[in-house]
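Have a look at the structure below before the remarks.
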Amino acid sequence: MSPHKLVRLLASLVVVVLMVAPALAHADPLDDSVRRVALQLQCPVCEGESVADSPSGLANDMRSVIRAKIVAGESDRQILDEFVASYGDSILADPPKRGISLGVWVGPVIGVLLGIALVTVLLRTWRHAPLHPVGGETVDPEVADEFQHFREEFGR
Amino acid sequence: MAALGQICIVGAFALALYAIVSSVVGVRVRSGELVASGQNAAWAVTGLITAAAVTLLVAFAVHDFSLRYVWDHSSRAMPMDLILAAFYSGQQGSLLYWAWTLSIFSAVVLWQQRRPGPHRVLMPYVIAVVMAVLGFMALLLGFVASPFEALPRPPADGVGLNPLLYDEGMRIHPPMLLAGLMSWTIPFAFAIAALAAGRLGNEWVALSRRYGMVAWVILGLGNVLGAWWAYHVLGWGGYWGWDPVENVALMPWLVGTAFIHSIQMQERRGMLKAWNLILIMVAFFLSIFGTFVVRSGILASVHAFALSAIGPYFLTFLTLAIVGSLALFFWRLPHLRSDNQLDSLLSREASFLINNLLFLGVTFAIFWGTIYPLVAEALADQKVSVGPPYFKQVAGPLLGGVILLMGIGPLMPWRRASRDHLMNSFMLPVTGAVVGLAVLAVLGVRDPFAVLGFGLCLFVLGTVLQEFIRGALARHRATGENYVLALGSLIRRNKRRYGGYIVHVAMLLIGAGAVGSQVYQQQTQATLAPGQSVTLGAYTITAHGIANNQLPGVNVTDGVLSVNGQDLRPQKQVFDNFPQQPSTKVGLRSTPFEDLYVVLAGWDGDGPNAKVSLAVFINPLVSWIWAGGVLLLLGTLVTMWPAAVPARERVTAPLPRGAVGVTS
């Protein structure tokens, strides 16, 4: 690629960058904090919606509770723990890494490790043992033994 | 109507069974007549299912509320296009739609493969597999979940459509998604046919790859349209909630993506023969699983599963399909040896292997998270919720790996890459990405997730641009065509390769859109009296009360707002038949770089004096995701565009008597 092509490529990257730029202002920090906590809680009366996203009355009340607790100076951890104390672990959108919920985290790790092991084994067999031997048949060990025996018996 | 529809379905069921037996027996005893008869039966099944579908459509069109399904999903007040969309809005109708589209797809395949050729030996088995699936669907539609169930005394008017489905997206997203799920049956059928016939050469590979691409693009578009629909209708500011219904439609697409990549290893190098069969089987199993979950809601709990009428049937069918496919697979396994060995870890082959690892890894993680609540409930009787944070944490890094590989893989040569080749290929894209990230950092993009995500996208974009530019330059030098012409003929001459790159760029758009909207979303809520304003980002939203309209069957409330002086009206609609389910029309102001997304959450009072409660979001780069969907379609069309008809024609004149020659 000639230098002016490089310049053109970089220029187009800069254009992409400038297009992203308007995204960078920020809103009321309290709203963001309420949303951050509410996103981690599963709305107890809805199907698969977080407290932050659910339009239900209960979720709305829970958001007010979160807001009040943040204003009172509680940490995110404390607020979540209080909700767990009253609703149980299933209120957490992010399953906790303990008890029965641990399984959901362990599964993919085991899955990916098995996959890596499989690919590694596959790569090794492919690289070190050609499946179709090139240049002549490999010798069956049984035949080789017999041949050895034959040579010993008849003195080479 | 009820009787007519029912007869068609039962007839289709019987003929599907006949087609299976006739095709398989015919090919086994080498009876061309039986095989032809099986094929005719397959055409007849398509005809009967089409007749059943048309019957149901007519019943909807003439408001025949003597059918329970019509009564339950439409009403006289609905506009005609929505009434026709109501066809696939419930369980029975959508299963019929699924079967109907599959029967049409199989007819297209029969028509396309009608000419004699080496693939002909596969066709009886392909017919048998497709007919087994259609026969199962006809069994469900005829005897378990019939859309033609009659009501003893027809009511005067119907219940109407679920309010969530009153949307433009409804007209296109469910049919696309269901069609995407059904279409994996065809490449699967070719794989099974190859196993059954013992023809494990290249015939099934080429056909399965081609039909797999069709399934892939339909399901991909279905998923993008589903996201688009959720974004416009559900009103929570996002487009993908990692809901079970979304996950089960994504999984076959992910495995299918692995398949359409991995199958090239077999085409080019005769490797991964066994693995590709497994991949297409898994894609098919997951799409059956997906169809079942989408239409039954069984993942909510074990009890819903047990109560679902179609649940046990689906489970049985899926089990039989898995056992049967695996039995065939292991029977033929000795014939599935690789023709070649791997020469280097720095090769296209190795990058395809890693691609498979990542796609299967992410699919497994999603599958596990989706079914885990069910597993935990069944085994330990405990309620577990697995929400978006799990999926983001587990799937995020793996999908990042996929994007990285999208930059590396296509530039890797087959067999072995040299050091010079690597330098030559990656120097510019890496430099470009680093410079791009530096500029982004100056502009304030410093969030580690965003830096990583945008950095990967920039790198891959660089590799793709470099490929296009280098290719066009080389062509310009070789042929003297001008640059635009050279680019055009470059793409025309290598449709698969450059179409693939276009699809990769589509994925980059979707990826960048996801990163941008994920990291830089802003939101606020406000309750505003008339004249009051709330400001978010560059937008000042001023409230002017509400406007209420009673339309036939629906009460529509507009929040009357102005955004920086321009009118914006988010809506709430309350349908007379569903007072407890108000539906949302988001007030959206879309620009290429960010969306202002306003939801009317509630109001107090009436007319211009009402106070309105708003949820306001700024969602950066969401339009890129929709643009990615469009480009995905375009790129796939490029890869699949048929080659120009050759100017030469086959000479069909008979040889003169006594001529000596080799006939083929």
Side-chain angles (χ1 to χ4, degrees), chain A residues 1-2 5-6 8-10 12-14 16-28 31-32 34-35 39-40 42 47-50 52-55 60 63 88-95 99-101 103-105 107-108 111-112 115-116 118-119 122-123 126-127 129-132, chain B residues 235-238 241 243-244 300 337-339 341-342 345 350 353-354 357 360-361 364-365 368-369 372 375-376 380 382-390 394 398 428 432 435-436 439-440 443-445 454 458 462 465-466 469-470 516 520 522-525 536-538 592-594 601 620-621:
Chain A
M1 193 186 281
S2 56
K5 287 287 175 323
L6 177 61
R8 214 188 290 172
L9 179 63
L10 291 181
S12 53
L13 289 178
V14 171
V16 171
V17 166
L18 291 176
M19 297 190 303
V20 184
L24 307 173
H26 259 290
D28 180 2
D31 278 338
D32 285 350
V34 172
R35 187 167 170 79
L39 274 173
Q40 297 175 57
Q42 201 76 8
E47 197 75 62
E49 269 183 307
S50 75
D53 300 325
S54 165
N60 201 21
R63 286 194 292 268
D89 275 349
S90 70
I91 190 78
L92 295 171
D94 201 353
I100 183 89
S101 300
V104 76
W105 293 101
V112 169
I116 292 173
L118 189 72
V119 169
L122 209 58
L123 288 177
W126 276 355
R127 294 197 68 189
L131 294 163
H132 289 301
Chain B
W236 51 275
D243 196 65
R337 288 300 192 76
S338 186
D339 296 344
Q341 63 184 102
L342 192 73
L345 284 176
L353 277 186
I354 300 169
L357 178 66
L360 280 238
F364 178 71
W368 187 242
Y372 196 77
V375 173
Q382 285 197 44
K383 195 166 154 27
V384 175
S385 33
V386 181
Y390 164 83
V394 177
L398 293 169
L428 284 174
V435 173
V439 177
L440 279 174
L443 288 169
V445 177
F454 288 138
L458 284 171
L465 288 179
Q466 177 179 270
I469 292 170
R470 282 185 175 171
Y520 292 106
Q522 304 172 57
Q523 71 98 41
T524 189
Q525 291 114 24
L536 184 67
F593 311 115
E594 62 182 26
L621 304 189

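Just so you know, these numbers use all the heavy atoms, side chains as well, and skip hydrogens, waters and symmetry mates. Residue numbers begin at 1 in each chain, while the letters A, B, ... track the order of the sequences. Note that the coordinates shown come from a computational prediction; the quantities given were computed from them, not determined experimentally.
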* Asked: Just by distance, do the side chain of Tyr372(B) and the backbone of Gly107(A) share a donor-acceptor pair under 3.5 Å?
  -> no
* To do: Among Gly115(A), Gly103(A), Ala52(A), single out the residue with the greatest number of heavy-atom pairs under 4.5 Å to chain B.
  => Gly103(A)
* Asked: Between OG of Ser385(B) and CG of Asp89(A), what distance do you get to the nearest 0.5 Å?
  -> 8.5 Å
* Relative to chain A, which segment of Leu360(B) carries a heavy atom at a distance below 4.5 Å: side chain, backbone, both, or neither? -> neither
* To do: Any chance you could measure Ser90(A), atom OG, to Gln382(B), atom CD, to the nearest 0.5 Å?
  => 10.0 Å
* Please name the pair of heavy atoms, one in Pro389(B) and one in Leu39(A), separated by the smallest distance, quoted to 0.1 Å. => CG-O, 4.5 Å
* **Portion of Val394(B) that has a non-hydrogen atom of chain A nearer than 4.5 angstrom** => side chain
* Atom group of Ile116(A) that falls short of 4.5 Å from chain B, counting heavy atoms -> both
* Asked: Using non-hydrogen atoms only, which part of Tyr390(B) is less than 4.5 Å away from chain A: side chain, backbone, both, or neither?
  -> both
